[in-house]
Amino acid sequence: MTQNPKHTVEFEECSDNRPSKISKIEYPSDGEEEEEEEEKEEQGMSQNPRIQRYLVAIEYIGSRFCGSQKQLNGRTAVGVLEEAFSKFVGQPVSVSCSSRTDAGVHALSNVCHVDIQRISKRRPGEVLPPHEPAVVRRAVNHFLQKHDSDLMVIDVRCVPSDYHARYKAQERTYFYRLLSGPEPLSTFEKDRAWHVPEELNLSAMQEACRVLVGHHDFSSFRAAGCQAKSPIRTLDELSVSEVIESLYFPSVMDRERHNKISGDHSCRGNSETDIRPSSSPSTDKLTASNQDVGFGRRRQHRCLVVTARARAFLYHQVRLLVGVLKAVGTGHLTIPDVERILNAKTVTATSPMAPACGLYLGEVKYDLPTS
């Protein structure tokens, strides 16, 4: 989708841990959520049998980039990845990303595709068999790590020439981290989470999830400038769970393992849910341990993780949802208020959206072709 060079983007700063106000400026199409749910035919698709298409999963620290999509000015995830691939293959390449993220938004696993024709460096013009995925991963990471280690290739897969990273994606999962408590945010957590000094009511936030999950008109959770044709979306999951604060953000597997141990409440569309206790023995021990942790040891925050899963999202939808959930957690909004905001169908009715620094693109799901 071609960007209008006259459009500008305001990148939110997270150092003060305040929620971002919704800007009245006009945004380009690349936000941290997908805008179109319908599949489209890719233009300019390569049918050259000597060109191999690779599906590439990457992780990156969002605060180090001006977003994922290439821009005329500013360092971006796709720009850095294209540069590393170009050094590897010896010619320019074009990278297409599955999910577009704004400045400050992190990725545990974003997915791209890239077409490569392997040309012999000893005999220019001679086309060689494609590289194995493991070779591609190792070589590209070599060039990435020679400079700044803020982006890494975590997986590579050979796919057919018509397999598009964006339009073949079946669903996307986002995580949002909130650290609750009066203790100042750790240096290691800077730009990695939203620090909320107030105590958060987990059970109230979980109840709010039940209102928002499912098939709705999400006009109230659609930022100005969103170019999606329809505000109707199906939110397959919206949940809030308490996890142990860690420097290493929990993977999906870790989250599922924690849920089995502590028992969290998840709201999923088209399924019945049970409300479980909002605290667990591990949480009680954590609270008690914070009373006297000993000299030189940091007191921990309560760490809440919001999970949002859907095939596609509206522009800034996840951050607007989190902004409302946080307001419910602090007591500034009630459950009837959440229903009113959803039914208002205007973004002016919602709370300020959460800052970018706590948002993580966690997973993009595909039905991968068999080898």
With sequence neighbours left out, write down each residue that passes side-chain hydrogen bond (donor to acceptor under 3.5 Å, both in side chains) with [X], or none if nothing qualifies.
{"X": "N141", "answer": "none"}
{"X": "T346", "answer": "T348"}
{"X": "E199", "answer": "R302"}

Looking at V114, L368, V156, which hits side-chain contact (heavy atoms from CB on, under 4.5 Å) with L55? L368

Please name all residues satisfying ring-ring contact (aromatic ring centres under 6.0 Å, His included) with F85, sequence neighbours left out, ordered by chain then number. none

Of all residues at least two apart in sequence or in a different chain, which pass the ring-ring contact (aromatic ring centres under 6.0 Å, His included) check with F65? Y60

Got a sec, which pairs hit ring-ring contact (aromatic ring centres under 6.0 Å, His included) with one end in residues 323-346, sequence neighbours left out? none

Pair [X], [Y]: side-chain N/O donor-acceptor within cut-off below 3.5 Å:
{"X": "D236", "Y": "T234", "answer": "no"}
{"X": "S99", "Y": "R172", "answer": "yes"}
{"X": "S68", "Y": "N110", "answer": "no"}
{"X": "H106", "Y": "D191", "answer": "no"}

Hydrophobic cluster mates of I119, side-chain heavy atoms under 4.5 angstrom, ILVMFWY only, any path? V127

Restricting to pairs with a member in residues 339-361, which pass salt bridge (Lys or Arg N to Asp or Glu O under 4.0 Å), not counting sequence neighbours? D337-R340

Taking the six-membered ring for Trp, is the centroid-to-centroid distance between H131 and F88 below 6.0 Å?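 Ring-ring flag for H131/F88: true, centres closer than 6.0 Å.
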
Under the salt bridge (charged side-chain N to carboxylate O under 4.0 Å, His left out) test, residues paired with [X] that sit two or more places apart:
{"X": "E183", "value": "none"}
{"X": "R123", "value": "E126"}
{"X": "E132", "value": "none"}
{"X": "K365", "value": "none"}

